[in-house]
Amino acid sequence: MTDTAHSVVEMPARFSIKKLIFALLAGGVGLIAAFLLLVGKPAPQPRPADAPPPTLVSIVVATPTTVALPVETQGTVEPRRRINLVAQVGGKVSDVSNQFSAGSFIQKGEVLLKIEQDDYHFAIARAQSQVAAAQQRVAEERGRNLQAKREWRDLGSVDANALFLREPQLRAAQAALAAAQADLDAARLALKRTAITAPFDGRIESKRADLGQFLAAGTIVADIHATDVMEVRLPLTDSQLALLDLPLRDDDDIETRSVVISSRFAGQIWQWQGLIKRIQASVDRDSRVVYAIAEITEPYALVESGRPPLVPGMFVAADIPSRAIAGVTELPAAALRSDNTVLVVGDQQRLQRYEVDIKLRRSDTVWVVGLDEGMQVVASHSNALAAGSLVAIMSNVAHGQQ
């Protein structure tokens with residue numbers, strides 16, 4: 001009984017030792033296999049990286065030509081001649097013309113207002129009386145002068161005394177007559193000035209006097225402007241001025257340059273032809289621009305198209321053709337980079353940077369000089385494009401010359 005129990009206890013012990021030995025062997029084999037996989041695997045072989053695909057771009061083929069670039073500017077219409085019409089003499093307004101109202105057209109010499117004339121007729125009468133008295137005195141002094149000459153001759157003397165001959169008295173009488181005549185002329189001129197007339201063909205902007213109003217000499221009665229010529233002050237930047245041959249001095253032998261004036265009025269765009277006649281005398285101190293003065297003659301002329309008159313205060317755009325410039329290429333504004341360069345597709349489809357001379361820039365178009373015929377200019381630059389980049393042409397953007 002004792003031997004049997006002892007053998008039963010020994011059997012589980014031997015079985016556990018075998019399991020432990022088996023586990024240790026299996027773990028050792030696993031470690032060896034892992035070591036061989038980590039240490040014994042072949043090193044990775046280097047290979048060149050895949051080249052990035054070329055960037056797709058749209059291009060504009062450069063076609064330099066000789067063009068007169070359009071210089072665009074704008075301004076406000078003003079009359080060449082505008083004045084305050086004033087009364088030259090004082091008095092009460094006794095008569096008013098039917099044309100004397102704001103907006104009315106007036107003709108040169110037309111009587112607009114009349115001032116009461118009674119006081120001026122009285123002044124003429126008084127002046128005429130003074131002239132007659134002065135004439136009488138001159139006649140008396142001439143008679144006394146002749147009498148004195150006869151008396152002096154009877155005395156047998158050759159050289160007469162001027163005072164004895166009353167020559168100073170005669171000259172004083174003659175001067176008094178001249179002064180009296182001048183007073184009479186002044187009185188007649190004042191009477192004439194009681195009629196206030198239009199100094200030129202024009203239009204009344206506003207009136208400041210009316211029937212029954214008393215006017216002092218120098219009182220403004222109306223604001224008027226001439227209707228024969230209108231002017232527009234056109235600001236020009238330095239780059240715009242460089243494109244135009246304009247007279248900067250009196251001795252500049254340069255023909256006046258034509259300009260097209262356009263404005264929207266009553267829902268339509270209308271145009272007028274004008275000429276740049278001169279340059280303003282100074283550079284604007286605030287904006288540093290130079291003003292060219294364009295003149296438009298016959299702004300109120302009737303035309304078959306029904307075009308309205310060009311009146312003061314209208315805001316207009318002006319298109320001035322420049323002098324002819326050779327080698328100009330027209331490009332989209334997006335093709336120009338911030339450093340005044342463009343990107344051109346060169347050899348092996350690589351981009352090259354070209355510096356250009358900007359002649360004129362607009363919101364969507366730029367005109368440059370410095371490109372050769374046939375150059376393929378990138379139509380729109382981006383941060384992904386730079387000199388040396390590999391590109392592929394996607395499309396050709398048409399951008400013709402004006």
Side-chain angles (χ1 to χ4, degrees), residues 48-74 234-245 257-264 269 271 287-290 316-402:
D50 294 335
T55 304
L56 297 177
V57 295
S58 298
I59 63 165
V60 176
V61 178
T63 55
T65 185
T66 299
V67 294
L69 298 176
V71 175
E72 290 186 345
T73 182
Q74 55 195 13
L234 302 174
L236 298 173
T237 63
D238 186 68
S239 59
Q240 289 175 324
L241 198 62
L243 298 175
L244 303 173
D245 289 328
R257 187 164 297 279
S258 63
V259 57
V260 177
I261 302 296
S262 59
S263 179
R264 177 177 291 275
I269 300 294
Q271 290 186 340
S287 60
R288 296 301 174 186
V289 299
V290 176
V316 297
D319 195 339
I320 313 170
S322 73
R323 55 182 172 82
I325 303 175
V328 176
T329 301
E330 181 180 346
L331 299 174
L336 187 67
R337 296 161 64 89
S338 59
D339 57 354
N340 292 344
T341 61
V342 296
L343 293 176
V344 175
V345 180
D347 297 337
Q348 301 179 354
Q349 299 297 100
R350 298 283 180 179
L351 294 181
Q352 299 176 1
R353 188 171 66 92
Y354 269 81
E355 186 173 352
V356 293
D357 181 15
I358 302 172
K359 292 300 182 182
L360 186 62
R361 188 200 305 259
R362 289 186 183 170
S363 59
D364 57 351
T365 307
V366 63
W367 288 265
V368 302
V369 172
L371 298 176
D372 296 330
E373 181 76 29
M375 280 187 170
Q376 298 176 331
V377 183
V378 176
S380 179
H381 72 272
S382 67
N383 294 331
L385 298 177
S389 299
L390 180 66
V391 296
I393 298 174
M394 178 176 59
S395 63
N396 187 348
V397 179
H399 210 78
Q401 300 285 342
Q402 282 194 2

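Worth knowing before you read on, the calculation uses all heavy atoms, side chains too, and leaves out hydrogens, waters and symmetry mates. Quick caveat: nothing in here was measured; it's all calculated off a predicted structure.
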Visitor: Glu330 and Val60: which non-hydrogen atoms are nearest, and at how many Å?
Guide: O-CG1, 4.5 Å
Visitor: Quick one, Val366 with Val368, criterion side-chain contact (heavy atoms from CB on, under 4.5 Å). Give me CA distance, side-chain angles, the key distance, then yes/no.
Guide: CA-CA 6 Å; Val366 63; Val368 302; 3.9 Å; yes
Visitor: Please output the side-chain donor-acceptor pairs of residues 347-359 that fall under 3.5 Å, not counting sequence neighbours, one pair per line with the distance.
Guide:
from, atom 1, to, atom 2, distance (Å)
Arg350, NH1, Gly388, O, 3.1
Asp357, OD2, Lys359, NZ, 3.2

Visitor: Of all residues at least two apart in sequence or in a different chain, which pass the side-chain contact (heavy atoms from CB on, under 4.5 Å) check with Thr66?
Guide: Ala324, Ala326
Visitor: Among Val378, Leu331, Thr329, which residue satisfies the side chain to side chain contact (heavy atoms under 4.5 Å, CB included) criterion with Val342?
Guide: Leu331
Visitor: Sequence neighbours excluded, which residues qualify as side-chain hydrogen bond (donor to acceptor under 3.5 Å, both in side chains) partners of Ser58?
Guide: Ser395
Visitor: As an exercise, state the distance from CE of Met394 to CG of Leu56, rounded to the nearest 0.5 Å.
Guide: 6.0 Å
Visitor: Give me the atom names and distance for the closest heavy-atom approach of Pro64 to Glu373.
Guide: CD-OE1, 3.2 Å
Visitor: Would you mind writing out the side-chain donor-acceptor pairs for residues 236-244 within the sub-3.5 Å range, not counting sequence neighbours?
Guide:
from, atom 1, to, atom 2, distance (Å)
Thr237, OG1, Ser239, OG, 3.2
Thr237, OG1, Gln240, N, 3.3
Thr237, OG1, Gln240, OE1, 3.4
Gln240, OE1, Thr237, N, 3.0
Gln240, NE2, Glu72, O, 2.9

Visitor: Considering non-hydrogen atoms only, spot the tightest contact between Ala333 and Ser363 and give its length.
Guide: CB-O, 3.6 Å
Visitor: Taking the side chain as C-beta and beyond, is there a heavy-atom pair between Ser322 and Val67 under 4.5 Å?
Guide: no
Visitor: Which atom names give the shortest non-hydrogen contact between Val377 and Ala335, and what distance separates them?
Guide: CG1-CB, 4.4 Å
Visitor: Under the side-chain contact (heavy atoms from CB on, under 4.5 Å) test, which residues partner Ser262, sequence neighbours left out?
Guide: Ile269, Gln271, Ala317
Visitor: According to side-chain contact (heavy atoms from CB on, under 4.5 Å), who are the partners of Pro54, at least two apart in sequence or on a separate chain?
Guide: Leu390, Ala392
Visitor: With Ser287, which residues qualify under side-chain hydrogen bond (donor to acceptor under 3.5 Å, both in side chains), at least two apart?
Guide: Asp284
Visitor: How long is the gap from CG on Leu343 to OG on Ser380, to the nearest 0.5 Å?
Guide: 10.5 Å
Visitor: Within this structure, what is the CD1-CG distance for the pair Ile325 and Leu69, rounded to the nearest 0.5 Å?
Guide: 4.5 Å
Visitor: Without swapping roles, check the side chain of Thr73 against the backbone of Ala318 for a donor-acceptor pair under 3.5 Å.
Guide: no
Visitor: Quick one: CZ on Arg361 to CG on Leu336, what's the gap to the nearest 0.5 Å?
Guide: 5.5 Å
